[in-house]
Amino acid sequence: MILERLIKLVDACFEKGVSEGKWSNAAAGKYSVEVPKREGQGDYSTNMAMVMAGIEKKNPREIAGLLLELLSEDNAIIEKLEIAGPGFVNIFLKTQVWQDILNPVLASGENFGKSTIGNGKKVMVEFVSANPTGPLSIGHGRQAILGDAIARLLEATGHSVYREYYFNDAGRQMRVLGESTRARYLELQDKPFEFPEDGYQGEYIQDIAQSLLDEKGDSLSEQEDVLPFTEKAVEIIFADISSTLKRMGITFDNYYNEHSLYDEGHIDSVVQELRDKGLVYEKDDAVWFKTTEFGHEQDRVIIKKTGEPTYRLPDIAYHREKFKRNFDWMIDVFGSDHIATVPDVMAGLEALGYDSSKVTVVLHQFVTLTRNGKQVKMSTRKATFVTVDELLDMVGTDVARFYFMMRKADSQLEFDLDLATSEEKDNPVYYVQYGHARLCSIMRRAQDMGMSTISAENVDLSLLVEPEEIQLLKRISSFPGAIESAALELAPHRAIFFLMELAADWHSYYNKHKVIDPEHIEQAVTDARLCLVTALRLVFKNGLEMLGLTAPEKM
RNA sequence: GCCCGCGUAGCUCAGGGGAUAGAGCACAGGAUUCCUAAUCCUGGAGUCGUAGGUUCGAAUCCUACCGCGGGCACCA
């Protein structure tokens, strides 16, 4: 909130310099205002002089001098200015600037940290999209939580978010699923059975077979068609997936069935449209899409010689439907194994005349699971994976969510089960949550003693002068910006890091200074600190809840 | 072979043109008559994979190479 204000001020000085002929406007938008890494280098600093020096071929420190003059005309918030290093202009703000943030923060209440920069933009976040062939695995878990966190952050920044789960319950995969179920069904009755070569070996298939047996008895033993088996399996597996998602606090606005693309003729119309544009041809009894027209190395088959489309075609048709449904921004959260399909879909959309830059694909790397110091290899088919449910049983929802959000999507994520289960005390999740609980504890105490913790009226905030207090005020003021960048960069880990840094500042302050101590601390100071505590609590609570984490009042 | 991601402290990872490169874990030592010790404080630890290049300035951008992971189907 303060940073935004300062950027405006620096921009104004830049404009003024331009109009006064001090420099050209060639550096517009190229300089930045940032928080310096090191203490003693100001509250903020700008590299404008250095950026401009390169363009104007002038001495950076000389330009910095001119900028300093312009900036010093504002004595409302600026305490001190200095030129440092190769040409930074360091800006020191008056302490009061920081103290004054508390009133607006407390007034915003549960809305503090939220913003409207999204401007109601319609965003679809597609994630999980696992076909109903088995329970969600750890990899799906990462995707589910990453997608959900992105959706939550976008909501918090004023976007209109729609969550969609895309799935396919037809085709070869499903046939194998049905056959696997039938085999187990027959096996349970000690009848001869044939387990498919690449069948699903998980125990959950037995459970499905058992419930089928419970419901229908042996009436399906002579069944030729696998459909009843497939349908039952899909029903049970989907119920299982839904309950897992619910446990993680994830809901969807819509489940989109790939099959509807066929029923509603979208598949055919995409092919027809591409054909009309001359981007499709027949070869070897298959239909090919000229992806080479879009800079790809080779063309791709979109309809096999069997007459069935490859996965590319429905993917393209599905994305076209997203465009038709008028989303301004479409975010796909995929595992990195889908990387090859992305360029094909983008090419398809471009071919159909859509602006593919409205689609952002967030590819997350794999989750490697370690147990007893060794990496666990996972396969859905062989059922050697650890399910999300099992993980939740072991560590709980908050820990699972936190760990999956802690890493940027591009990084592989190591989930050390031993660490997550046995060393709970060192868990960063508890570190942050404990920060919140401590604040609540102080507020409870204050309330018991009849002090107000809600309003900053009649409180002298200028009594907040300890360096740790100023540090906390700065941290609080940077909260909305931190959420904003985490949201726009689709990087929930940034929000997590903010919370960990906030917690570190707070725990440190807590150990050094007391808030309530009638014998040693004046009431006026306590009142001011209670305002700080109340604001901090808002930041913890809003931050945690924005990310789908709980903010416990006691631990 | 081609494409994508990654390579930063013993381990797990932030930082992704800016000043003296950070955190957690682990390790060593210390702090509680008082708001929750699930906390805090102190300490050591680094050729930012390698070699060039661009720049006033490179862990950050470019190129090549090395290593790890993933993908290169008329499977999804």
Side-chain angles (χ1 to χ4, degrees), chain A residues 32 34 36-38 40-41 45-47 50-51 53-54 57 59-60 84-88 90 129-131 133 168 171-173 198 258 283-288 296-298 300-312 314-315 335-343 363-366 368 370 406-416 419 423-435 437-446 448-449 493-494 496-497 500-501 503-504 506-521 526 529-530 533 552 554-555:
Chain A
S32 63
E34 285 167 348
K37 280 184 191 161
R38 211 154 280 282
Q41 297 176 340
S45 95
T46 178
N47 62 351
M50 280 133 66
V51 171
K57 304 284 176 212
N59 182 336
F88 289 102
N90 293 341
S129 294
N131 287 338
T133 58
N168 177 14
R172 205 189 71 90
Q173 253 187 343
D198 50 358
E258 178 184 325
K283 192 180 89 180
D284 304 332
D285 299 326
V287 179
W288 296 69
H296 296 198
E297 259 182 37
Q298 50 191 305
R300 297 291 184 183
V301 170
I302 52 171
I303 299 177
K304 301 184 249 181
K305 62 180 159 199
T306 58
E308 286 174 296
T310 62
Y311 65 91
R312 289 180 196 94
D315 278 2
S336 62
D337 52 337
H338 279 67
I339 193 156
T341 84
V342 175
L363 285 166
H364 66 87
Q365 296 292 316
F366 278 15
T368 55
T370 53
M406 208 162 50
R407 303 282 175 246
K408 63 178 173 191
D410 286 340
S411 290
Q412 280 188 32
L413 189 153
E414 180 178 297
F415 208 115
D416 187 334
L419 196 79
E423 298 192 31
E424 290 190 350
K425 302 272 180 189
D426 297 318
N427 219 308
V429 191
Y430 300 130
Y431 184 78
V432 174
Q433 290 181 324
Y434 185 50
R438 271 188 151 166
L439 288 158
C440 291
S441 167
I442 292 177
M443 290 170 72
R444 275 194 299 273
R445 170 94 182 229
D448 289 347
M449 297 174 71
H493 77 279
R494 298 205 168 203
I496 292 284
F497 275 83
M500 291 199 288
E501 284 162 5
W506 161 237
H507 285 308
S508 184
Y509 174 75
Y510 180 92
N511 274 272
K512 196 163 174 185
H513 303 285
K514 298 210 48 158
V515 175
I516 301 170
D517 187 1
E519 287 181 22
H520 303 96
I521 298 174
T526 290
R529 290 182 178 177
L530 282 173
V533 163
K554 281 184 188 174
M555 286 176 79

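Just so it is clear, the structure is predicted and the values come from calculations on it, not from any experiment. Proteins come first, then strands; the chains are lettered A, B, ... in the order of their sequence lines, and each starts at number 1.
The base of rA38(B) lies outside donor-acceptor range of the side chain of Tyr430(A), with no N or O pair under 3.5 Å. No N or O donor and acceptor, one from the side chain of Lys408(A) and one from the base of rG15(B), sit under 3.5 Å apart.
Across the C1' atoms, rC6(B) and rG44(B) are found 29 Å apart, a figure rounded to whole Å. A distance of about 29 Å separates the P atoms of rU47(B) and rC40(B), rounded to the whole Å. Between rU50(B) and rA59(B), the distance separating the two P atoms is 11 Å to the nearest Å. Taking atom P on both nucleotides, rG7(B) is separated from rC13(B) by 10 Å, rounded to a whole Å. Look at the C1' atom in both rU54(B) and rG17(B): the space between them is 11 Å, to the nearest Å.
Nearest to the side chain of Ala340(A), among rG15(B), rC34(B), rG71(B), sits rG71(B). For Ile339(A), whose side chain is taken as the heavy atoms from C-beta onward, the closest listed nucleotide among rG71(B), rC13(B), rG5(B) is rG71(B). With rC2(B), rA76(B), rC35(B) as the choices, the nucleotide that has an atom nearest any side-chain atom of Glu258(A) turns out to be rA76(B). Here the side chain of Ser508(A) is nearest to one of rC2(B), rC40(B), rC35(B), namely rC40(B). With distances taken from any side-chain atom of Arg312(A) to the nucleotides rG18(B), rA14(B), rA73(B), the minimum falls on rA73(B).
Pairing for rC48(B) is absent, with no Watson-Crick or G-U wobble pair whose two atom distances lie under 3.5 Å. As the counterpart of rC68(B), rG5(B) is assigned, both hydrogen-bonding distances of the Watson-Crick or G-U wobble pattern falling under 3.5 Å. Pairing partner, rG17(B): none, since no Watson-Crick or wobble contact has both distances short of 3.5 Å. With a 3.5 Å ceiling on both atom-pair distances, the Watson-Crick or G-U wobble partner of rA23(B) is rU12(B). Base-pair partner of rU55(B): not found among the strands shown (Watson-Crick or G-U wobble, both distances under 3.5 Å). Base pairing analysis places rU39(B) opposite rA31(B); the two distances defining the Watson-Crick or G-U wobble pair are each below 3.5 Å.
For the residue pair Asn131(A)/Gln173(A), the side-chain donor-acceptor check at 3.5 Å is satisfied. A donor-acceptor contact closer than 3.5 angstrom links the side chains of Arg438(A) and His507(A).
Residues passing the side-chain contact (heavy atoms from CB on, under 4.5 Å) test with Asn59(A), sequence neighbours excluded: Arg61(A), Glu62(A). A search for side chain to side chain donor-acceptor pair (under 3.5 Å) contacts involving His513(A) returns Glu468(A), not counting sequence neighbours.
Nucleic acid contact for Met50(A): base, since at least one base atom lies under 4.0 Å from a heavy atom of the residue. Heavy atoms of His513(A) sit under 4.0 angstrom from at least one base atom. In this structure, Asp285(A) reaches neither bases nor backbone, as no heavy-atom distance under 4.0 Å exists between it and the strands shown. At a threshold of 4.0 angstrom between heavy atoms, the contacts of Lys554(A) include nucleobase atoms, whether or not backbone atoms are also involved. Ala504(A) comes within contact range of no nucleotide atom at all, as no heavy-atom separation falls under 4.0 Å. Among the protein residues, Glu297(A) comes within range of the sugar-phosphate backbone only, with heavy atoms under 4.0 Å from sugar or phosphate atoms but none that close to a base. Counting non-hydrogen atoms under 4.0 angstrom, Asn47(A) reaches a base of the nucleic acid.
Nearest heavy atom pair, residue Lys305(A) against residue Ala286(A), reads N-CB, 4.2 Å. Listed here is the closest heavy atom pair of Ile516(A) and Arg445(A): CD1-CG, 3.6 Å.
A donor-acceptor pair is defined here as one N or O able to donate and one able to accept, closer than 3.5 Å; no such pair exists between the side chain of Thr310(A) and the backbone of Ile303(A). Looking only at distances, a side-chain donor or acceptor of Arg312(A) sits under 3.5 Å from a matching main-chain atom of Val301(A). Panel note: side chain Trp506(A), backbone Gly435(A); a donor-acceptor pair is recorded below 3.5 Å.
The distance between atom CD of Gln298(A) and atom P of rG71(B), rounded to the nearest whole Å, is 17 Å. Across the protein-nucleic acid pair, Asp410(A) atom CG and rU12(B) atom C1' stand 17 Å apart, rounded to whole Å. For Glu308(A) and rA73(B), the CD to P distance is 19 Å, given to the nearest whole Å. Atom CG of Asp284(A) is separated from atom P of rA73(B) by 15 Å (rounded to the nearest Å). Nucleotide rC75(B) holds its P atom 9 Å from the CZ atom of Arg172(A), rounded to whole Å.
For rA76(B), the OP1/OP2 oxygens have no side-chain nitrogen or oxygen of Thr310(A) closer than 4.0 Å. At rA73(B), none of the side-chain N or O atoms of Lys304(A) fall inside 4.0 Å of OP1 or OP2 (strictly under the cut-off). At rG16(B), one or more side-chain N or O atoms of Arg494(A) fall inside 4.0 Å of OP1 or OP2 (strictly under the cut-off). Residue His507(A) places none of its side-chain N or O atoms closer than 4.0 Å to OP1 or OP2 of rA37(B).
At a threshold of 4.0 Å, the pair Asp284(A)-Lys304(A) does not count as salt-bridged, since none of the basic side-chain nitrogens sits closer than that to a carboxylate oxygen.
In this structure, Ala286(A) and His520(A) both approach RNA chain B, and ranking their closest nucleotides by distance from the 5' end singles out His520(A).
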When every nucleotide of nucleotides 19-24 of chain B is labelled 5' to 3' by its protein contacts under 4.0 Å (heavy atoms), B for base, S for sugar-phosphate only, - for none, what sequence of letters results? BB-S--
